[in-house]
Amino acid sequence: MTTTTQLHIGNAAQMEAIGDASVDLIVTSPPYPMIEMWDDLFAEWVPESEQALRGGDPDAAFNVMHQALDTVWAECARVLRTGGICCINMGDATRTTGGTFRLYPNHARTVQDITAHGLHQLPGILWRKSTNKPNKFMGSGMIPPNAYVTLEHEHILIFRKQDKRTVKPDRRSDRYESAYFWEERNRWFSDVWTDLRGTTQSLATSHADLRSRSAAFPLALPLRLINMYSIAGDTVLDPFWGTGTTSLAAAMLRRNSVGYELEPGFATVFEDAVHTLPERSHRYNTARIERHRRFLRERDTPCKHTNAFYDFGVITKQETELVLHDVDAVDPTGSDSYQFAYQPHGVQTELFAS
């Protein structure tokens, strides 16, 4: 199996290069309305937002920013196949405008907009994006009652298009090879993640001009979501592509990906990162295997089932055909597009072929 990544420079409000019902999974993190670092971007996109902020009307600014995002959500609903999953990483905003401090609930407005396009909301995830700053609260210091709690979490909103997805029989091997370990399932399918950390926004000096428009989530986040909600060979979309973190994760997991991005400079950032995938994927897969072996040692109880490729115990029969793959080759195939080839991780070729 080979997979591809394709980047389109343009506004995701018009994803003309993507056909109806052709995407299996969406994993994205849009610019958050009412976060100051995104004011200029929204002002370019919808000038009314800047006018509202200058005019002292934050509610109007909040509304037009979300209306701009909703043009993308409408396209996401169009391109997502029946049974496909949409995962949106969204943070709320706190801001003082006109001397008044308040919370702007971006996640709640996004739920309202997405469900209006016919997608069904599923249980979502809170992940703690903690800070080590000593001033973790603001307001009146040690004296009540005017301090407020620190906003240290973000939402992963999860939606499905209509009913559960049906996987065709000819994709059975892709599905079962894409299984995750029992203990991974128990950790990942929790509604609170406390073991992820926000990623440092440290673009190389050569890309310093892009820092003000970079707010990448940690690679571990799309790796989990892609494992959870897609199978090998699927197509993953990120309409707010940024530095391409979702596409990196998709390539590591044998998924195709497509992205839309307004800033062409990010394509160079991705080009610098994509050639590290053979090493990254090998380290990632090695760590998954080592964590499972450690789980077995700590469990200290014989398993009823054995994985066919790695000859270690697994808890369920569904894990017996699980096999990980390393990126073996990265080949540019055109402007802003790549193809990836794979080899089984830690498995003899003869055994895998059998």
Candidate pair Phe42 and Ile35, rule side chain to side chain contact (heavy atoms under 4.5 Å, CB included), full reasoning: CA-CA 10 Å; Phe42 277 110; Ile35 297 287; over 6 Å; no

Looking at Asp234 and Arg175, is any side-chain nitrogen of the basic one under 4.0 Å from a carboxylate oxygen of the acidic one?
no

Would you mind checking if Asp59 and Arg102 are paired as a salt bridge, meaning a charged N to carboxylate O distance below 4.0 Å? yes

Student check: side-chain heavy atoms of Gln121 and Ile158 closer than 4.5 Å: no

Over 60° means perpendicular and under 30° means parallel, so tell me whether His155 and His153 are parallel, tilted or perpendicular. perpendicular

Margin query: What I want to find out is whether Arg128 reaches Glu152 closely enough, with some N-O distance under 4.0 Å, to be called a salt bridge.
Written below: yes

| query | Looking at Phe189, is Arg187 sitting on its ring face, NZ or CZ under 6.0 Å from the six-membered ring centre and within 45 degrees of the normal? | reply | no

Please determine whether a side-chain nitrogen of the Lys or Arg among Asp24 and Arg165 lies less than 4.0 Å from a carboxylate oxygen of the Asp or Glu.
yes

Inspect the contact between Glu75 and Arg78 and indicate whether a charged nitrogen and a carboxylate oxygen are less than 4.0 angstrom apart.
yes

What one should report as the nearest heavy-atom pair of Pro222 and Val27 is CB-CG1, 4.1 Å

Closest non-hydrogen atoms of Pro47 and Glu44, given as atom of the first, atom of the second and distance, are CD-O, 4.5 Å

| Lys/Arg-Asp/Glu bridge criterion (N-O < 4.0 Å) met for Glu319, Arg185 | no

Can you confirm whether Phe101 sits close enough to Arg95 that some side-chain heavy atom of one is under 4.5 Å from a side-chain heavy atom of the other? no

Short N-O contact, Glu279 and Arg283, less than 4.0 angstrom
yes

Is there side-chain contact between Val72 and Tyr260, with heavy atoms separated by less than 4.5 Å?
no

| query | Under a 4.0 Å N-O cut-off, is there an ion pair linking Arg109 with Asp70? | reply | no

Tightest non-hydrogen contact, residues Asn106 and Pro33, listed as ND2-O, 2.9 Å

In terms of ring plane angle, is the pair Phe240 and Trp73 parallel, tilted or perpendicular, where the classes change at 30° and 60°? perpendicular

| query | Are side-chain heavy atoms of Phe309 and Pro344 found at a separation under 4.5 Å? | reply | no

### Query
Does Arg224 make a cation-pi contact with Trp193 (under 6.0 Å, within 45 degrees of the axis)?
yes

Q. Is the gap between the ring centers of Tyr338 and Phe270 under 6.0 Å?
A. yes

Would you check, one step at a time, whether the test side chain to side chain contact (heavy atoms under 4.5 Å, CB included) holds for Leu324 with Ile289?
-> CA-CA 9 Å; Leu324 309 181; Ile289 294 294; 3.9 Å; yes

